[in-house]
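First the structure, in the form of structure tokens, and then the observations on it.
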2 protein chains.
Amino acid sequence: MLELIDIDAWKLDQQKAVSPQLRVVLRSRIIRNNLKPMSRLSEPELAKEYGVSRQPVREAFITLVDEGLLEIRPQRGTFVKKIDYEAVLNARFVREAVEADIIRQLASRPNAELVANLRQEIADQYKAASGSPLQFIELDERFHRSLAQAAGVARAWDYLEAIKSQMDRVRFMTFEEFPSITLVKQHEQVVDLIEQQDVKAAEEAMRSHLREILKSLPKVHEIYPEYFENSPGSPRDT
Amino acid sequence: MLELIDIDAWKLDQQKAVSPQLRVVLRSRIIRNNLKPMSRLSEPELAKEYGVSRQPVREAFITLVDEGLLEIRPQRGTFVKKIDYEAVLNARFVREAVEADIIRQLASRPNAELVANLRQEIADQYKAASGSPLQFIELDERFHRSLAQAAGVARAWDYLEAIKSQMDRVRFMTFEEFPSITLVKQHEQVVDLIEQQDVKAAEEAMRSHLREILKSLPKVHEIYPEYFENSPGSPRDT
DNA sequence: AACCACCCACTTCCATACAAGTCAACACAA
DNA sequence: TTGTGTTGACTTGTATGGAAGTGGGTGGTT
């Protein structure tokens, strides 16, 4: 989960273990571009800020390195990773492939109850789309998760979540101008085609929906080139 | 990478950081079924065994929890996770979806050089198939990675690797009776169809290749039911 | 015999201290 | 002025000690 709400005013729960909580907080701060690429995070500084020792901070760092959000340079420092242009493209590729197969599953057999639930979700999305883009992102996530769950591969979405963070970072940078309404309409079309059991068209609709980020990615890159690495123009970033 | 060779007789490199090395070693021992499901791993014990302190061991544990190989029950102990039947199925689903799209990419345009390289790999696979199944697994991994790389999504394979460990555990349990020759022939057919640029047939060949595990999985489950959780028969494993 | 309260060895989690590497600033010499 | 060597304040990596929680065994009571 993105844990979008109230991240800045986070208080640690003394009952639960500290390090997983720190992990969630820091991940959210990075994805929301609150902690900017290349900025330095020091273990003792964050430890003091959250009133804990270095050890749990360090453990949170390690997990975030695995997610590709941090980079630890031994004896030098820990830095927020730049957004890896190639990683974003590859994550998108994986996501398109998986969700396309999910749609094929769903569209190949009738499922009235599912369609009804999805239409309810879309109604909520329409409400949020014009207002809070933050809430819309949550609903969008829920929508895609529902599809995976209905196809009997809820775990597959868990796998995708770990990949998705790179895409989400781009999303949060282009935030305001995000075409939420367009995306809701695309969702709706996918549901329509599932209902009609038009497998090929439904799959293609989902694929083109997931190619939307290919439009915004170059724009974001042009505005903030310093936030990216492995960009198409400069193959040799060291 | 699986790091298949020399894991048991591993000596830590004092120069490099200890905790990532421990991570590789422990992961390999789990995947190879050297550390059996439900067996208990104690921080101080492993620390003594490798001549280091508890802290790096603990950090290795944490990363392996994220990979779904370990389970830390606070104040109780750390245990090798059972093989999650559902997770294996979902991992397989993801892998099929991604690799199917990779094949579509490759088969849709001529690529003589790639085909030549792949044929060389397959020749090596034939050699290894009759002899060392361990080496065959390495070559198999290389083959699939080559496909991803040729499609321009090398990173996508990195993502899959994190998922694949659950599948690999099954593989290593069914080890001896593994139909290596069959798999090589399936590889060969995929390459043939790529060369002929028969997109649909190539995709379907890859999909059915990746469904092979669906045959062996129930067998392994029947032989070692105590190593599995979330198995289809018993929905309520607690 | 059956049951219950207590204790103690064990676990993970966190705090703290120390070790070792990096790098920038500064003094100093050519 | 320029180049160079050195120092010292940083960084992350590792070791170790204590805190809190868990669970099994023990001994006493009913």
Side-chain angles (χ1 to χ4, degrees), chain A residues 10-27 29-30 35-82 238, chain B residues 10-27 29-30 35-82 229 237-238:
Chain A
W10 186 275
K11 287 292 167 290
L12 293 182
D13 183 348
Q14 295 289 2
Q15 300 307 88
K16 301 172 188 170
V18 176
S19 119
Q21 300 184 64
L22 280 177
R23 174 184 184 171
V24 172
V25 174
L26 291 177
R27 172 170 49 215
R29 288 180 67 180
I30 295 171
L35 292 170
K36 304 230 179 301
M38 296 299 288
S39 62
R40 182 195 204 121
L41 300 185
S42 104
E43 289 180 5
E45 205 167 303
L46 280 170
K48 187 159 59 178
E49 177 177 339
Y50 288 102
V52 295
S53 89
R54 271 183 52 214
Q55 210 55 49
V57 176
R58 173 178 173 73
E59 289 170 3
F61 279 8
I62 292 177
T63 65
L64 293 175
V65 168
D66 283 339
E67 294 186 32
L69 298 179
L70 287 184
E71 178 181 5
I72 298 182
R73 288 194 273 237
Q75 273 70 29
R76 296 191 200 183
T78 302
F79 304 88
V80 178
K81 263 191 74 99
K82 289 183 181 176
T238 49
Chain B
W10 186 275
K11 286 293 167 288
L12 293 183
D13 183 349
Q14 294 289 1
Q15 301 305 89
K16 300 173 188 170
V18 176
S19 114
Q21 301 183 65
L22 280 177
R23 174 183 184 172
V24 172
V25 174
L26 291 178
R27 173 170 50 213
R29 289 180 65 179
I30 295 171
L35 292 170
K36 305 229 178 303
M38 295 299 288
S39 62
R40 183 195 202 117
L41 300 185
S42 99
E43 287 181 6
E45 204 167 304
L46 280 170
K48 188 161 57 178
E49 177 177 340
Y50 289 102
V52 295
S53 85
R54 294 187 348 250
Q55 207 56 47
V57 176
R58 173 177 170 74
E59 289 172 1
F61 279 7
I62 292 177
T63 65
L64 293 175
V65 168
D66 283 339
E67 294 186 33
L69 297 179
L70 287 184
E71 177 181 6
I72 297 182
R73 288 192 271 225
Q75 273 70 26
R76 295 192 203 183
T78 302
F79 305 87
V80 178
K81 261 190 74 101
K82 290 182 181 177
E229 66 181 347
D237 279 316
T238 49

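Letters A, B, ... mirror the listed sequences (proteins, then strands); counts begin at 1.
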**Item:** Residue list, salt bridge (charged side-chain N to carboxylate O under 4.0 Å, His left out) with B:R23, at least two apart or on another chain
**Value:**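 By the salt bridge (charged side-chain N to carboxylate O under 4.0 Å, His left out) rule, B:R23 matches A:D66, B:E67.
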
Can you tell me how far [atom2] of [Y] sits from [atom1] of [X], rounded to the nearest 0.5 angstrom?
X     : Y     : atom1 : atom2 : value
A:I30 : A:L69 : CD1   : CG    : 5.0 Å
B:R58 : B:T78 : CZ    : OG1   : 8.5 Å
B:I72 : B:Q75 : CD1   : CD    : 11.0 Å

**Item:** Heavy-atom contact window of chain B on DNA chain C, given 5' to 3' at under 4.0 Å
**Value:**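 Counting from the 5' end, contacts occupy C:dT11 to C:dA15.
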
**Watson-Crick or G-U stems of DNA chain C, 3 or more pairs, under 3.5 Å, by first number** =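 Stem segments, range with range: C:1-30 with D:1-30.
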
Do [X] and [Y] touch side chain to side chain, with heavy atoms closer than 4.5 Å?
X     : Y     : answer
B:L22 : B:F61 : no
B:V57 : B:R54 : no
A:L70 : A:V80 : yes

**Item:** Taking every non-hydrogen atom, the tightest pair across B:G68 and B:K81
**Value:**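 The answer is O-CD, 3.5 Å.
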
**Complete:** Readout for nucleotides 7-15 of chain D: B = base within 4.0 Å of protein heavy atom, S = sugar-phosphate only, - = neither; 5' to 3' it is ----BBBBB

**Prompt:** Among all residues two or more places apart in sequence or in another chain, which pass the side-chain contact (heavy atoms from CB on, under 4.5 Å) test with B:R73?
**Reply:**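 Counting only residues at least two positions away or on another chain, B:R73 forms a side-chain contact (heavy atoms from CB on, under 4.5 Å) with B:E71, B:R76, B:F79.
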
Sequence neighbours excluded and cut-off under 3.5 Å, please list the side-chain donor-acceptor pairs for residues 41-48 of chain B, or say none.
from: B:S42; atom 1: OG; to: B:E45; atom 2: N; distance (Å): 3.0

